[in-house]
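Beneath this line is the structure, given in structure tokens, with notes to follow.
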Amino acid sequence: MKPRNVGPPRFATYLLHLFCPPHRAEEMEGDLDELFQERIRGVGLREARWRYVRDVVSLLRPSLIKRENTNTYPTPAFTTMIRNYLKIAFRNLAKNRVYSFINIGGLAAGMAVAMLIGLWIYDELSYDRYFQNYDRIAKVMQKGTFNGEVFNGEYNPAPMGPELRTVYGSDFTHVIMSSGDGNNDHILAYGEKKFTKTGSYLSAGAPDMLALNMLSGTRNGLKHQNSILLSESVAKALFGETDPLGKLMKIDNKLDVKVTGVYEDFPYNTEFRDLKFIAPWDLYVASESWVKQAQDNVEWGNFSWQVLVQIAPNADFDAVSAKIKNIRLKHNPEVAFIKPEVYLLPMSKWHLYSGWDKSGNLEGRIQYVWLFGIIGVFVLLLACINFMNLSTARSEKRAKEVGIRKAVGSVRSQLIAQFFSESLLVVAFAFVLAILFVLLILPVFNDVADKQIGILWTNPVFWLCGIGFSLLTGLIAGSYPALYLSSFQAVKVLKGTFRVGRFASIPRQVLVVVQFTVSVTLIIGTIIVFRQIQHAKDRPVGYDRSGLITVAMNTPELHQHYNALRDALIQTGGVVDMSTSSAPATNLNSQNSGFSWEGKDPNFKESFGTIAVSHDFGKTVGWQFVQGRDLSRKFASDSSGMVLNETAVRYMGLKDPVGKQIKWNDSQFRVVGVIKDMIMESPFKPVTQTVYMLNYGWANVINIKLNPARSTSESLAKIEGVFRKFNPGSPFDYRFTDQQYALKFAAEERIGKLASGFAILAILISCLGLFGLASFVAEQRTKEIGVRKVLGASVTNVWVLLSKDFVVLVVIAFGISSFIAYYFLNGWLQKYQYHTDLSWWIFAVAGLGALVVTLLTVSYQSIKAALVNPVKSLRSE
């Protein structure tokens, strides 16, 4: 038999006495002990102990938990107290509807901005994390120093992949050759269905490295040379509901391939989001003679391909980079003067660190992550400042309430709890309203930010951050009012001798200065961003973009029937001229060295952008000649002709370049003309020294100049008919050059639009707070205004009286923000080699705008107070 005198768990008894009032704890302990002894006999000692602990925990309810009280009156139940706090908070909110609207609306706007920025930052930081091997994938990069400037590049020679695979194989799980960005657009055809899609030729191990989520087939599909893997969206577009596995299709009307797998489309926030098909690298080599030659002849001087790697589990990027850094120097020692180094760029840095500064240090979108993070914090801070300002401003109104509460026995901790409950209630309403704001704004925000983000409803981290963020905001926003209001002395308040003090308004004034410092800084920053964009847009481009379209020459039919195609297009009347080039007018995709000319310094190491063009290219794009003429069919000698841009002439040091002989490797060229610089790269950077030479064999793009006298839609319809005749196996896919050029400003314009939106919200939040403060000041000085009006003050006098203090604060904020904006924006502009200036009028416009907004905001309350009948104001006197 089990012993009857064994006691219950001591820690449970301790909890009971710790949390319950003494008179209840003793009674409950007796009952529980009696029940415990009965359970020992019925279910055993272990089960009885467990049930005793469960019973004790169940008794620790809010209504039974003891609370300290400094007075002799019985304290209300915890739940009743909370209910009372919330009831009073609701009454205060309902009584002061204007202030409640300002508080809740301002906080909701600030929290919505912070939430949007948080979702944007989360998307940026989670870029490419879709891939299982994210932390071990890298690009093989090359860097060096050329003419005193550090350069970086992601393109490699064809032998790089085999070299890494054979010599350093133990450091890599996968070494993947990629055809790179220059060969991404291809025509996919199955029967009568034809689409132009983005894809790449990759080594057979790519599906394993990228851990493709195969919906059908396997990741081994690329091991067959004439195979292809399709994304889910492309497979449905080509084959509908039919199973695509084993089906034969064509790439670029020349390569027959079999579908060996379908993979899930990549998410939008990955570098491979546009990769709609993958074909074998071996097929690419077999179908392109120049690629096969570069690989078979082990050419280390042709940088046209990307190499992706996955390092071994026991390796790290720095150690592997140190091993492979001298590969290029080993195979190509004549380039020792540029100090070439090979290194690995981890996937974690592809998106946020996609560029390099003049010193070769990584930079990129990470600066915008920090920028928007800081903006989010400050916008939320503005909303919190509004709450604190209005709460402390109304402290004198609630002084009697505090005095009465203290007189009837309320302790300071209860008053603090009351004010915090009001603060948290406001934040709770604001949080719900912020989520509604975000739901409404997200579609527009995604369009502007080029994102596909949504609220992370199922992510516990989102809710943890959101609720924790709200609690923190409520505590911060309510801390000063709670601690300040609860410190009032009851005797002074009830006697009417309480005064807030001559310096009581200083904290509010400081906070207003902070608000407008942030707002004016954002305004100046937004103006500078858009001015920089417009500065680049106004830069002369050196050719005519209007009516110019490009068509990719990615099928053999276009090369074989080029002259007949050109004649047919011109005969339609919708085309003024047509030509070919190795790159569109908006892209310089090739740079080469090996040039020599008369007067060249033997120690000078040169590099030129090189574009192969056909006859009539200059007439098609609208070249602007400085000297000489265009490449013409009239002169047989132009088969070895060359055109230079102005930068190339200065770069070469030629005084009279027309007619000069220039040798490139084994070919001799004669300069026939010099053109104004043609912007083919970033409009924010200097133009690269570029040569244009006659060569039909390198043609990748057809350039077509539309007839301005005909409607664009009519001309395009006729052009499409001609293309279908000469190239029936391909869709007519064209691009407008002016639209492609506009994309060069997309990143800056996107940042500018987002910054301007945040700046407007910051001003709106600041004005809400200012409106509330002006309303309170006018209410507080009602009797003073009445006396002044009786003594002869005009409406203008009263308006000046109430407005001047706010104007002074905005002027102070303008001075501080001007200094901050100049310091940071000047550094930002220096990153652009072609940039605008920080003109004084920009600061003046921002300051004047802030002043006007302030006066408009304050004037409503000022004039309203000034128009009140002084009899009503002084009646109580």
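Residue Lys676 places its NZ atom among 12 or fewer non-hydrogen atoms of other residues, nucleotides or ligands, all under 6.0 Å distant. Annotation: Phe151, atom CZ; neighbour count of heavy atoms from other residues, nucleotides and ligands within 6.0 Å is above 12. Lys685 NZ: 12 or fewer foreign heavy atoms inside a 6.0 Å radius. Heavy-atom contacts from other residues, nucleotides or ligands closer than 6.0 Å to CD of Gln668 number more than 12. The number of heavy atoms from other shown groups lying within 6.0 Å of NZ (Lys330) is above 12.
The main-chain N or O of Thr270 is never found under 3.5 Å from a side-chain atom of Trp350 such that the two would form a donor-acceptor pair. Remark: side-chain polar atoms of Gln689 are not paired, donor with acceptor, to backbone N or O of Asn645 under 3.5 angstrom. Distance alone, capped at 3.5 Å, places no donor-acceptor pair between the Lys537 side chain and the Pro683 backbone. Checking side-chain atoms of Ser200 against main-chain N and O of Leu202 turns up no donor-acceptor pair under 3.5 Å. Side chain of Asp601 to backbone of Asn603: a donor-acceptor contact under 3.5 angstrom is found.
To the nearest 0.5 angstrom, Arg670 atom CZ is 15.0 Å from Met693 atom CE. Between the CG atom in Leu275 and the CG atom in Leu210 there is a gap of 8.0 Å [rounded to 0.5 Å]. If you take CZ on Phe617 and CG on Asp577, they are separated by 11.5 Å, rounding to the nearest 0.5 Å. In this structure, CG on Leu164 lies 4.5 Å from CD1 on Ile327, to the nearest 0.5 angstrom. Between the OG1 atom of Thr836 and the CG atom of Leu825 there is a distance of 11.5 Å, given to the nearest 0.5 Å.
Counting all heavy atoms, side chain and backbone alike, Met209 lies closest to Asn133 at O-ND2, 2.8 Å. Listed here is the closest heavy atom pair of Gln591 and Gly609: CG-CA, 4.0 Å. Shown here for Phe172 and Leu344, the closest heavy-atom pair between the two residues is CE2-CD1, 4.3 Å. Heavy-atom minimum distance, Thr620 versus Ser579: OG1-OG, 3.3 Å. Residues Ser582 and Ile611 approach most closely at OG-CA, 3.6 Å, considering heavy atoms. Contact record, Phe745 with Ala536: CE2-CB, 3.4 Å, taken as the closest heavy-atom pair.
Residues Phe266 and Phe131 place their aromatic rings such that the two centres sit under 6.0 Å apart. Aromatic ring centres of Trp664 and Phe595: separated by under 6.0 Å. Checked against the 6.0 Å centroid threshold, Phe608 and Tyr651 count as a close aromatic pair.
Counting only N and O atoms by type, the side chains of Gln532 and His835 include no donor and acceptor under 3.5 Å apart.
For residues 621-632, the set of pairs meeting the side chain to side chain donor-acceptor pair (under 3.5 Å) definition, not counting sequence neighbours, comprises Arg629-Asp638. The salt bridge (Lys or Arg N to Asp or Glu O under 4.0 Å) analysis of residues 301-325, with sequence neighbours excluded, yields the pairs Asp171-Lys323.
A salt bridge links Asp450 with Arg273; the closest basic N to acidic carboxylate O contact falls under 4.0 Å. Ion pairing between Asp837 and Arg531 fails under the 4.0 Å rule for side-chain N and carboxylate O. Using a 4.0 Å cut-off between charged side-chain N and carboxylate O, Lys139 and Glu271 make no salt bridge. The pair Lys254-Glu288 counts as a salt bridge, with a side-chain nitrogen and a carboxylate oxygen less than 4.0 angstrom apart.
By the salt bridge (Lys or Arg N to Asp or Glu O under 4.0 Å) test, Arg539 is found to be paired with no residue, residues two or more places apart in sequence or in another chain being considered. Residues forming a salt bridge (Lys or Arg N to Asp or Glu O under 4.0 Å) with Asp677 (at least two apart in sequence, or on another chain): Arg650. Applying the salt bridge (Lys or Arg N to Asp or Glu O under 4.0 Å) test to Lys292 and every residue at least two apart in sequence or in another chain returns Asp296. Every residue meeting the salt bridge (Lys or Arg N to Asp or Glu O under 4.0 Å) condition with Glu606, not counting sequence neighbours, appears here in chain and number order: Lys600.
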> Between Asn703 and Ser581, is a side-chain hydrogen bond (donor to acceptor under 3.5 Å, both in side chains) present by the stated rule, with each step listed?
Replying inline: CA-CA 7 Å; Asn703 308 283; Ser581 58; 3.1 Å; yes
>> Assess the residue pair His615 and Tyr696 against the criterion (side-chain hydrogen bond (donor to acceptor under 3.5 Å, both in side chains)); give the C-alpha distance rounded to whole Å, side-chain angles, the decisive distance to 0.1 Å, and a yes or no.
In response: CA-CA 9 Å; His615 293 102; Tyr696 282 81; 3.0 Å; yes
> Is there a side-chain hydrogen bond (donor to acceptor under 3.5 Å, both in side chains) between Ser304 and Asn302 once you walk through the steps?
Replying inline: CA-CA 6 Å; Ser304 301; Asn302 188 344; 2.5 Å; yes
> Checking side-chain hydrogen bond (donor to acceptor under 3.5 Å, both in side chains) for the pair Thr688/Glu681: CA distance, chi angles, key distance, verdict?
Replying inline: CA-CA 8 Å; Thr688 300; Glu681 298 177 286; 2.5 Å; yes
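Between Val291 and Trp305 the shortest side-chain heavy-atom distance falls below 4.5 Å. Using a 4.5 Å cut-off on side-chain heavy atoms (C-beta onward), Glu124 and Leu352 make contact. Residues Asp185 and Asp733 form no side-chain contact, since every pair of their non-hydrogen atoms from C-beta on lies 4.5 Å or further apart.
Just one of Glu163, Lys143, Met160, Met141 meets the side chain to side chain contact (heavy atoms under 4.5 Å, CB included) condition when paired with Val342; it is Met160. A side-chain hydrogen bond (donor to acceptor under 3.5 Å, both in side chains) with Lys705 is found for one member of Asp544, Thr737, Asp616 and no other, namely Asp544.
The aromatic rings of Trp300 and His331 sit parallel, their planes meeting at an angle under 30°, below the 60° perpendicular limit.
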